[in-house]
Structures are given as structure tokens and as C-alpha cells.
Amino acid sequence: MSYEKTVSIDERQYYAIAWSKLREENSPLRAVVNGRLLSVPESFYDFLIWESITKKAGKRK
């Protein structure tokens, strides 16, 4: 647990509120973007998947 740290009551309240807002959005996917947890569309990672598929298909030829 090298990243373990004590969290203050204020921090806990902040994260509880932030998580409640995310739950209200009811998004099917969450992602950490620039250090922030966000609700994102299901297509958020599609460009990475397509890039990976394209690279693998190119290596097979």
C-alpha cells in the first residue's frame, strides 16, 4: 500500500458528493481523464480499440 494516505473528513465529503453526482448521471462507463473521474459515452475507448485492431491486422500480412 505504497499510495496509502489518510483522508480528511472534508475530502471524504467531497468525494461522496462527486460520486453521487456521477451516479445520478447513470452513465454506463467511467474513465479517469486528466486525473478526474468522469462519466463517458460507451464509444469513449473506440479509437484505441480500432487502432489496436488495425495494428494487429497490419502485422499479419
Side-chain angles (χ1 to χ4, degrees):
M1 296 276 220
S2 60
Y3 296 107
E4 182 179 2
K5 72 173 194 170
T6 302
V7 180
S8 71
I9 292 173
D10 289 338
E11 286 176 298
R12 277 192 256 168
Q13 289 175 336
Y14 168 80
Y15 289 117
I17 291 167
W19 185 251
S20 292
K21 288 179 182 178
L22 287 169
R23 285 182 55 209
E24 287 173 11
E25 292 173 8
N26 198 26
S27 177
L29 183 62
R30 312 265 191 259
V32 176
V33 179
N34 296 324
R36 296 187 61 207
L37 183 61
L38 303 173
S39 295
V40 295
E42 292 174 345
S43 60
F44 185 78
Y45 290 110
D46 286 359
F47 76 98
L48 291 172
I49 295 168
W50 282 111
E51 183 178 302
S52 178
I53 291 170
T54 304
K55 285 181 182 177
K56 287 180 182 176
K59 289 180 181 179
R60 290 187 200 157
K61 292 181 178 181

**Student:** Quick one: salt bridge (charged side-chain N to carboxylate O under 4.0 Å, His left out) partners of Glu51, sequence neighbours excluded?
**Tutor:** Lys55
**Student:** Please write out which residues are connected to Tyr3 in a hydrophobic cluster, directly or through intermediates, given that two of Ile, Leu, Val, Met, Phe, Trp, Tyr count as joined at side-chain heavy-atom separations below 4.5 angstrom.
**Tutor:** none
**Student:** Checking Glu4 now: which residues fulfil side-chain contact (heavy atoms from CB on, under 4.5 Å) with it, not counting sequence neighbours?
**Tutor:** Met1
**Student:** Flag yes if more than 12 heavy atoms outside Ile9 fall under 6.0 Å of its CD1 atom; otherwise flag no.
**Tutor:** no
**Student:** Output side-chain donor-acceptor pairs under 3.5 Å for residues 14-23, partner residues at least two apart or in another chain, one line each.
**Tutor:**
unit_1 : atom_1 : unit_2 : atom_2 : d
Ser20  : OG     : Ala16  : O      : 3.0

**Student:** State which residues pass side chain to side chain donor-acceptor pair (under 3.5 Å) with Ser8; sequence neighbours excluded, sorted by chain then number.
**Tutor:** Glu11
**Student:** Side chains of residues 33-50: which donor-acceptor partners sit under 3.5 Å, not counting sequence neighbours?
**Tutor:**
unit_1 : atom_1 : unit_2 : atom_2 : d
Ser39  : OG     : Glu25  : OE1    : 2.5
Ser39  : OG     : Arg30  : NH1    : 3.0

